[in-house]
There are 2 protein chains.
Amino acid sequence: MSEGVEWGLHSCVLLGWLSPEAVAGRRLAEYHELPPAYLNKQLQALVRAGIVTSVSGPKGGFQLARRPDRITLLDVVVAIEGTEKAFRCTEIRQQGRNVLSPEHYRQPCSIAVAMRKAELAWRRELAAQTVAEMMASVQRHSPDTPERVRRWFDTERS
Amino acid sequence: MSEGVEWGLHSCVLLGWLSPEAVAGRRLAEYHELPPAYLNKQLQALVRAGIVTSVSGPKGGFQLARRPDRITLLDVVVAIEGTEKAFRCTEIRQQGRNVLSPEHYRQPCSIAVAMRKAELAWRRELAAQTVAEMMASVQRHSPDTPERVRRWFDTERS
DNA sequence: GTAACTGTACTCGGATATTCCATGTCCGAGTAGGGTTGG
DNA sequence: CCAACCCTACTCGGACATGGAATATCCGAGTACAGTTAC
């Protein structure tokens, strides 16, 4: 899985705390010391997916498009990784010299079904967790984090 | 995910029906019209994982190392894809200029925990399904498949 | 006739090219704010 | 003094290089069988 997913999730948590301020991608990159242009690319994917909105120009930047409790981890993963399923069945059972009439392959490939079942369980778990819960979990471990983040983004100018 | 997983799973099902015969990788490749050398590479991974055994020479080939109901889909996936987790946390929360003392990061990263939780659900589903169940599922849809496969591997000589 | 030997044909196993996607970077499109100029 | 305009500086957005892993292939190591030869 692309590491852009990790960056996107952490960025969403930061944006959640800084809401409703618009934050420049450059500053988000500085916070974690990430390549600014590449992080920008990932944020663009979030924009296309409607998770965050962007405004150009000075005072511009990114902000969450909706409340953090309405953004699931699955939303972010799909936005960056794409909608392609991890296991894609190429129907090799219908290739080769021992192939039957297409009627015999009406039933979907059993292996594909099994793999898809596991993948759905994965997606279900991701869809059950929201960005808001990530924020709450972090705050539970170190309660002063939101305030510390806000202060850094307000004051530090480098 | 690598397509070698699909090849490996289908090969295991075939080997399950042809057990206890040893089948040459060349013949397995012919059955699905796959690149013989590359399929061989995937089968080697299954050998290293102890899922199938291999014997060289004429009359040699591959065969299942244990009963099909003792081989889970997770076994095959891990054997080919490797043990690396899909989401790997690079601890970017500890990078950057706003970093605290290492004590504050005793608690594991909340995002990594959430992603790992989803991945464990995926693995659990895969571990709950065996090659034997794949064989049973196929046979339920088209009962003559095992016999047809055995006949092809016995007679066809191309 | 039999047994040992040797050669051959067939298999797996790991080292070696090639293609494609994730990674990383760059420049153009767009906008807010301030400075300037004319009334 | 005020308002309209323009210019600059800063942002996002998509097009353009680069590297490493998945894909694909080839040749060497190992083995069973058959044919041959010596006894």
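Chain naming here is simple, since letters A, B, ... match the order of the sequence lines and numbering starts at 1 in each.
Separating the CD atom of B/Glu30 from the C1' atom of C/dT11 is a distance of 14 Å, rounded to the nearest angstrom. One atom, CG of A/Leu43, and another, C1' of C/dT25, lie 16 Å apart when rounded to the nearest Å. The separation between B/Gln42 atom CD and C/dC12 atom P is 14 Å, rounded to whole Å. Taking atom CZ of residue A/Phe87 and atom P of nucleotide D/dA22, one finds them 17 Å apart after rounding to whole Å. B/Glu21 has its CD atom 14 Å from the P atom of C/dT11, to the nearest Å. Regarding B/Leu39, its CG atom lies at a distance of 14 Å from the C1' atom of C/dG13, rounded to whole Å. Atom CG in A/Leu15 sits roughly 11 Å away from atom P in D/dC12 (whole-Å rounding). We find that CG of A/Asn40 is positioned 15 Å from P of C/dC27, with the value rounded to whole Å.
Side-chain proximity of B/Phe62 to C/dC12, D/dT25, D/dG13: nearest is C/dC12. Of the listed nucleotides (C/dG33, D/dT23, D/dC26), D/dT23 has the atom at the smallest distance from the side chain of B/Ser2. Of the candidate nucleotides C/dT25, C/dG33, D/dT25, C/dG33 has the atom nearest to the side chain of A/Lys59. Of the candidates D/dC12, C/dC12, D/dC26, D/dC12 carries the atom nearest the A/Ser56 side chain, counting heavy atoms from C-beta on. For B/Glu3, counting side-chain heavy atoms from C-beta on, the closest listed nucleotide (D/dG14, D/dC26, D/dT23) is D/dT23. The B/Arg26 side chain lies nearest to C/dT11 when the options are C/dT25, C/dT11, C/dG33.
Residues B/Leu43 and B/Ser54 fail the side-chain proximity criterion, which asks for heavy atoms closer than 4.5 Å.
Side-chain N/O atoms of A/Glu3 and B/Thr90 include no donor and acceptor closer than 3.5 Å.
Taking side-chain N and O atoms only, B/Gln44 has a distance below 4.0 Å to OP1 or OP2 of C/dG14. The phosphate of C/dT11 has neither OP1 nor OP2 within less than 4.0 Å of any side-chain N or O from B/Arg27. Contact between the side-chain N/O atoms of B/Tyr38 and the OP1/OP2 oxygens of D/dT23 is found at a separation under 4.0 Å. Here A/Ser54 reaches the OP1 or OP2 of D/dG13: one of its side-chain N or O atoms lies under 4.0 Å away.
Between A/Gly25 and B/Lys41, the residue whose closest nucleotide on DNA chain D is further toward the 5' end is A/Gly25. For the pair A/Pro58 and A/Met1, nearest-nucleotide mapping onto DNA chain C gives the more 5' position to A/Met1.
Salt bridge status for A/Glu91 with A/Arg93: present, with a side-chain N to carboxylate O gap under 4.0 Å.
Within 4.0 Å of B/Ala24, counting heavy atoms only, lie sugar-phosphate atoms of the nucleic acid but no base atom.
Side-chain N or O atoms of A/Glu147 include none that pairs as donor or acceptor with a backbone N or O of A/Asp144 at under 3.5 Å.
Both tests do not hold together for B/Arg97 against A/Trp152: distance to the six-membered ring centre under 6.0 Å, angle to the ring axis within 45°.
Ring centroids of B/Trp7 and B/Tyr38 are separated by less than 6.0 Å, placing the two rings close together.
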